[in-house]
Amino acid sequence: MKIYNTMTRKKDDFIPITEGEINMYACGPTVYNYFHIGNARPFLFFDVVRRYFKYLGYKVSYVQNITDIDDKIIEQAIKEKTNFNEIAERYTKAFFDDLKLLNINYADFNPKATEYISEMIDLINTLVVKGNAYESNGDVYFSVESIPNYGKLSGKNLNELQAGARIEANTQKKNPADFTLWKKAKDGEPSWDSPWGAGRPGWHTECVVMSRKILGQTFDIHGGGVDLIFPHHENELAQAYALDGEPLANYWMHNGFLNVDGNKMSKSLNNFFTTRDIMKDYDPEVIRFFFLSKHYRSPIDFNEEIIIESKKALANFYSAFSSIDIINILDQDIDIYEFNEAVQAFKEAMNDDFNTAKALAVMFDLVKEIKSKQNSLKKQQAAALTLYELGQVLGFFVDLEDRLTNSVDQHAEKLIELMINYRLEAKQEKNYAFSDRIRHDLSEIGIELQDTPQGTIWKIKE
RNA sequence: GGCGACAUCGCCAAGUGGUAAGGCAAGGGUCUGCAAAAUCCUCAUCCCCGGUUCAAAUCCGGGUGUCGCCUCCA
């Protein structure tokens with residue numbers, strides 16, 4: 001298995017620290033709002049990473065933090081004239097609700113920053129004692145010059161950083177690139193006591209404390225969006241290195257950004273979408289397909305057309321399932337060994353730095369096998385079960401039965417059948433004007449009739 | 001200004017040395033009273049120029065274009 005490692009800038013062979021076990025950490029949300037569609041990408045992608053490792057038989061420990069104290073949360077609280085706790089709690093709940101809708105399995109651990117304040121203070125204190133951090137007027141900064149190789153992950157060097165004029169001049173800092181470990185509280189801000197006075201921890205410390213506490217000194221995979229490489233992950237790395245010279249993680253994975261109609265998503269461009277809002281209009285599984293149809297490291301463009309395309313493409317899987325009546329064979333003991341080759345192709349794709357786009361192509365090949373009349377029923381069924389198995393690895397096909405059945409109440413069903421019979425009578429009398437009117441009118445209210453050799457069937461239109 | 005990524009059919013998107021996966025759309029056939037659905041078939045030489053090689057979308061150099069990071073940000 002190969003994973004692209006931001007640290008080495010190439011695909012590295014993946015070797016877990018402990019054979020058969022994987023410890024991974026992905027940066028979670030700052031809970032000050034509903035998460036947007038761009039945020040959904042890493043959440044969803046690392047869900048797939050974890051599912052795939054489990055499919056391969058690894059024991060996976062997955063940690064995703066929740067940043068529940070931060071400037072943005074405080075800002076939002078002020079705006080709503082409430083306290084930061086209430087904001088954090090509200091959007092933490094929303095976060096979990098939305099994950100559930102997206103069929104993203106919760107992490108094994110979701111530590112919150114506010115639950116680890118004393119550990120963070122300990123860590124900062126250790127860094128101060130070791131000479132890697134210094135207090136200045138109630139703030140504590142990490143000294144980037146105190147360790148060698150600062151900037152290794154992001155490919156930056158300190159001279160260039162200093163040359164960049166965009167780092168605000170902060171006279172408190174010894175080096176403009178030094179970052180905040182502890183932030184002195186202003187009047188009225190939430191705060192915790194510390195050896196440096198009342199304040200709150202800087203963002204870059206929580207991940208170090210929580211990941212090491214739960215997963216150990218060095219863990220296997222640390223992930224997040226590309227924008228986190230610098231400064232966030234660089235700064236995490238620096239702290240861990242300063243503590244004991246050990247790397248924080250062996251593999252650094254970063255997903256590419258999402259653009260909207262070719263532009264960066266921003267509130268000012270009026271192209272800002274929360275995942276929650278999009279899920280009102282589109283099946284969450286369509287969103288999953290959309291993301292997985294492109295390699296995770298590439299930038300991806302979000303727009304309405306592409307979502308509709310994803311929706312149509314995804315529908316092929318269900319159409320294939322429907323044609324084979326998969327619900328009735330799910331618990332049958334059907335040998336799917338015949339499609340072992342497809343499974344291998346799927347794994348090969350996934351083993352190559354999680355090439356989900358290629359993996360989806362393997363799934364579409366199975367759709368062909370399911371529908372091919374050259375194949376025996378048994379072979380079609382085996383292909384369907386293989387498709388089902390692979391799809392689940394990517395997080396598809398939840399509530400399969402519900403999706404494949406028309407859900408209307410019994411009276412409505414009888415009414416529809418009644419209409420179908422009336423139409424049939426009209427057809428037999430060659431009163432096509434009337435039969436077409438019935439079909440048309442039913443279609444108008446969302447019920448689609450299809451004449452098949454087996455008779456007329458009906459479907460609820462999307 | 002510094003660092004980096006990308007450029008493949010109308011659209012989306014795999015493919016990193018051996019002669020272009022897949023999806024959407026489109027065109028054509030079958031089926032149908034007509035539809036729909038289904039089904040079968042068709043559909044690219046890889047931004048430009050130069051180089052390396054028996055062989056390049058794939059490697060190297062030079063262009064052009066798009067994007068990201070350098071500041072809170074998935």
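First the proteins, then the strands, lettered A, B, ... as listed; each starts at 1.
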Sugar-phosphate only, base, or nothing, as touched by Gly224(A) at under 4.0 Å among non-hydrogen atoms: sugar-phosphate
Mind checking if His254(A) touches a base, just sugar-phosphate, or nothing, with heavy atoms under 4.0 Å? nothing
Taking any heavy-atom pair under 4.0 Å as a contact, classify Leu360(A): base, sugar-phosphate, or nothing. nothing
On a whole-Å scale, what distance lies between the P atoms belonging to G22(B) and U42(B)? 11 Å
Checking all strands, does Ile457(A) fall into the base, sugar-phosphate, or nothing category for heavy-atom contacts under 4.0 angstrom? nothing
Please measure how far the C1' atom in C60(B) lies from the corresponding atom in U16(B), and state the result in whole Å. 14 Å
Test Arg200(A) against every option in Asp68(A), Asp70(A), Asp71(A) by the salt bridge (charged side-chain N to carboxylate O under 4.0 Å, His left out) rule and name the one that passes. Asp71(A)
Do the ring centers of Phe397(A) and Tyr318(A) come within less than 6.0 Å of each other? yes
Closest to the side chain of Lys358(A), out of G22(B), A14(B), C72(B), is A14(B)
Describe the nucleic acid contact of Ala313(A) in one word from base, sugar-phosphate, nothing, applying a heavy-atom distance below 4.0 Å. sugar-phosphate
With hydrogens left out and only the distance checked, is there a donor-acceptor pair under 3.5 Å joining Asn355(A)'s side chain and the base of G15(B)? no
Taking atom C1' in both C43(B) and C48(B), what distance in whole Å separates the two? 26 Å
Scan Tyr432(A) against the nucleic acid and name what it touches under 4.0 Å (heavy atoms): base, sugar-phosphate only, or nothing. base
Compare the aromatic ring of Phe257(A) with the six-membered base ring of A74(B) and state whether they stack according to the 5.5 Å and 30° rule. yes
Please name the residue in the list Lys11(A), His295(A), Lys347(A) that meets the side-chain hydrogen bond (donor to acceptor under 3.5 Å, both in side chains) test with Asp352(A). Lys11(A)
Applying a 4.0 Å non-hydrogen cut-off, can you work out what Ser310(A) is touching in the nucleic acid: base, sugar-phosphate, or nothing? nothing
Ignoring hydrogens and geometry, is there a side-chain-to-backbone donor-acceptor pair from Gln64(A) to Gly28(A) under 3.5 Å? no
I'd like a list of close polar pairs between nucleotides 35-38 of chain B and the protein, N/O only, cut-off under 3.5 Å.
| unit_1 | atom_1 | unit_2 | atom_2 | d |
| --- | --- | --- | --- | --- |
| A35(B) | N6 | Asp451(A) | N | 3.4 |
| A35(B) | N6 | Asp451(A) | O | 3.3 |
| A35(B) | N1 | Asp451(A) | N | 3.3 |
| A35(B) | N3 | Arg439(A) | NH1 | 2.8 |
| A36(B) | N1 | Asp451(A) | O | 2.9 |

